[in-house]
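Worksheet for the structure shown next.
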Protein chains: 2
Amino acid sequence: MTNITIKDIAQEANVSKTTVSRVLNDACNVDPETRKRIQGIIEKRNYSPSAVAKSLSRQESITIGVIVPDISNPFFGEALKGIIEVINNNNLAMILCNTDDDAEKDRKSLEMLKEHRVRGVIYTPAFDYSSKEDSAFFKKSLKKIVAPVVLLDRRIDFLRLDGVYFDDYQTAYDAVKKFIEAGHRKIAIINASDEKSLPRLRHQGYMQALLDAGIAPDERYHFLGDYLFKKTYEQAKIMLAMEDRPTAVLATNNTTSMGFLKALYERNEKIPDDISCIGFDKINIMDIIDIQFNYVERDAYIAGKTAMELLIKKIAFPNKSAESIFVNAPFIIKSI
Amino acid sequence: MTNITIKDIAQEANVSKTTVSRVLNDACNVDPETRKRIQGIIEKRNYSPSAVAKSLSRQESITIGVIVPDISNPFFGEALKGIIEVINNNNLAMILCNTDDDAEKDRKSLEMLKEHRVRGVIYTPAFDYSSKEDSAFFKKSLKKIVAPVVLLDRRIDFLRLDGVYFDDYQTAYDAVKKFIEAGHRKIAIINASDEKSLPRLRHQGYMQALLDAGIAPDERYHFLGDYLFKKTYEQAKIMLAMEDRPTAVLATNNTTSMGFLKALYERNEKIPDDISCIGFDKINIMDIIDIQFNYVERDAYIAGKTAMELLIKKIAFPNKSAESIFVNAPFIIKSI
DNA sequence: CTGAAAGCGCTTACAG
DNA sequence: CTGAAAGCGCTTACAG
């Protein structure tokens, strides 16, 4: 029950492997009769050529590596949908890695993709590798990958890579500005640690908007989560129990919004009556059941699709200089 | 900027490729000194062996193929998380395909996985291929795959394959029973077409529960969606506008629940006050904002993990007879 | 239009 | 403990 090979087909057709190969690859220089005969045999024997052997001999695989931190987060689910669509249209295959935002899994994934000699990589790094040791270590891992890399959603500052992002600084800035315009002064942010560039940008945007409005940022209103449910929920609980608590909250991703909402509803409080909120990312059901949930609609599908298209371009033109594409992310404001 | 090969390492270390290969594969019969020296060179040169070449020479790849119908549905997001965890633990890689429930993409995915000579496949078929032509066609596609296949969530009746499922018949039966016990008599189901085995089982369970309670099933309460948002929303709109409309609704997946809820809320009606509902699958935010949404908690993460573990077992023991594993799915009832 | 031969980068009996 | 050689299943100049 072993696989049929090109040799079997060649023998049965009384031709050389070269000729069969030509038929497989739609080369023009094959006698039409012969071609038809060979195709018949391929069909009859249910033969499909080995992508593995093809990759080896061509010195070029047809797989794209994709690394995401959390495949069960709908944001990445949507992104993957965009990515896979472009992959299919280009007759490529996707090798998927999930890192759980863990540096070790991140490294392993990079290594694995390297071993698979992927044609290119779409990469949402678990880290931004901004510390010296990290960056040296990371550069080494990444250097191994000969193929082009397109970053998705998260930057790596010290490398000039292609990437598709949302404007995190500006979005946070604009969100806070909206709060201020609506009369809020005590504005909190539930964010991840500033050590990574994505939360850092969001924090900076938040700060600047306050400063520009002449409001002194209150460090007590700066909450450190990790973009995961458990910790952001706990931070939100602390926040909501404060004596002098904020009147508006910027939740910096979908999971953070959920953590916040859980803490809020547990106190029998509601948005927007008891506190104002703007979240990054939509939460599907919210619009449907008309909870007044304000959010920034970051279209991950478009981002993923754009990233993959950029990668295709980069594969075609490896010397193309690195570019960063920013995807527009409109605010959906119900009641602030 | 080409890849370093085993030959380069061998030359630099003044040994044969065989010896380097032994070091790479942790074979015991290598002089410790030599081993250390070779490892040093591998490290220094940043060499990583080609999985492609390895697969070809070993006649055995280290990739697992996974086919899902909708990667952006959290159900499959969770399932993939379970699958990928087991894949990582076994040092395998995942090739992911998304079919959008389209038969042609389904076929293409199978073909692609075959070409990649995957070690095994986790498969949620777009079809159940119950018609004669379909099944012949499908058997041919599937026969090409020499590797073991484990079905996930959706059965294919005419083939004895391993699989991990939820008990769709029983769940639908129990849900309807709960409605009846709560006093409902006019009970609707929003389901997909009976042509596929999964919705068929659900419909059968629904029917039987009614019959067992002495209630004559009312065909007007049987709504045909497709497990996607748009159509189920439209079906729900029709249902809610009926003269003699049902008092309870069984929504047969998460997206169907959303379609139903949208139609309901658009009428300024609510669950459970205006109509009762039980949905298949949780919708994350619902518990948090304490909407009284009843559901069957199908743990896709566990299902995915179980399926992948079964596949590992099948890869290890190819002659193992096919087994079906059913994952328990408890009801979460808030108010019926 | 066709084929023999070398090569892609590994592994694996086999011999020493 | 080590290596030469054949082989995995394709592709690709090259020659005819």
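Residue numbers begin at 1 in each chain, while the letters A, B, ... track the order of the sequences. What you are looking at is a predicted structure, and each value in this text was computed from that prediction instead of being measured.
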Next item on the list: Could you work out which one of D/dC10, C/dC10, C/dG3 sits closest to the side chain of A/Ser16?
Entry: C/dG3
Notebook entry, point to check: Quick one: which of C/dG3, D/dT11, D/dC1 gets closest to the side chain of A/Thr19?
Noted result: C/dG3
Note to self: Is there, by distance only and without an angle test, a donor paired with an acceptor across the side chain of A/Arg22 and the base of C/dG3 below 3.5 Å?
What the structure shows: yes
Margin query: Does any part of the side chain of B/Asp153, heavy atoms only, come nearer than 4.5 Å to the side chain of B/Phe75, both counted from C-beta?
Written below: yes
Notebook entry, point to check: Does any non-hydrogen side-chain atom of A/Ser48 lie less than 4.5 Å from one of B/Glu111?
Noted result: yes
Regarding [X], tell me which of base, sugar-phosphate or nothing describes its non-hydrogen contacts under 4.0 Å with the strands shown.
X: B/Thr5; answer: sugar-phosphate
X: B/Asn29; answer: base
X: B/Lys17; answer: base

Next item on the list: State whether B/Ser21 places a side-chain N or O below 4.0 Å from either non-bridging phosphate oxygen (OP1 or OP2) of C/dC10.
Entry: no
Next item on the list: Please determine, by modelled atom types, if A/Asn98 and A/Lys105 share a side-chain donor-acceptor pair under 3.5 angstrom.
Entry: no
Next item on the list: Tell me which residues in residues 45-65 of chain B put a heavy atom below 4.0 Å from DNA chain D, sorted by number, or none.
Entry: B/Leu56, B/Ser57, B/Gln59
Could you check whether atom [atom1] of [X] has more than 12 heavy atoms from other residues, nucleotides or ligands sitting under 6.0 Å from it?
X: A/Glu195; atom1: CD; value: no
X: A/Glu43; atom1: CD; value: no
X: B/Lys320; atom1: NZ; value: yes

Next item on the list: Map every base of DNA chain C to its dot-bracket character, where paired means a Watson-Crick or G-U wobble contact with both distances under 3.5 Å and | marks a partner outside the strand.
Entry: |||.||||||||.|||
Checklist line | Nearest-Å distance for atom pair CG/P, residues B/Asn25 and C/dG9 | finding: 17 Å
Item checked: SB check B/Lys313 B/Asp162 (cutoff 4.0 Å) -> no
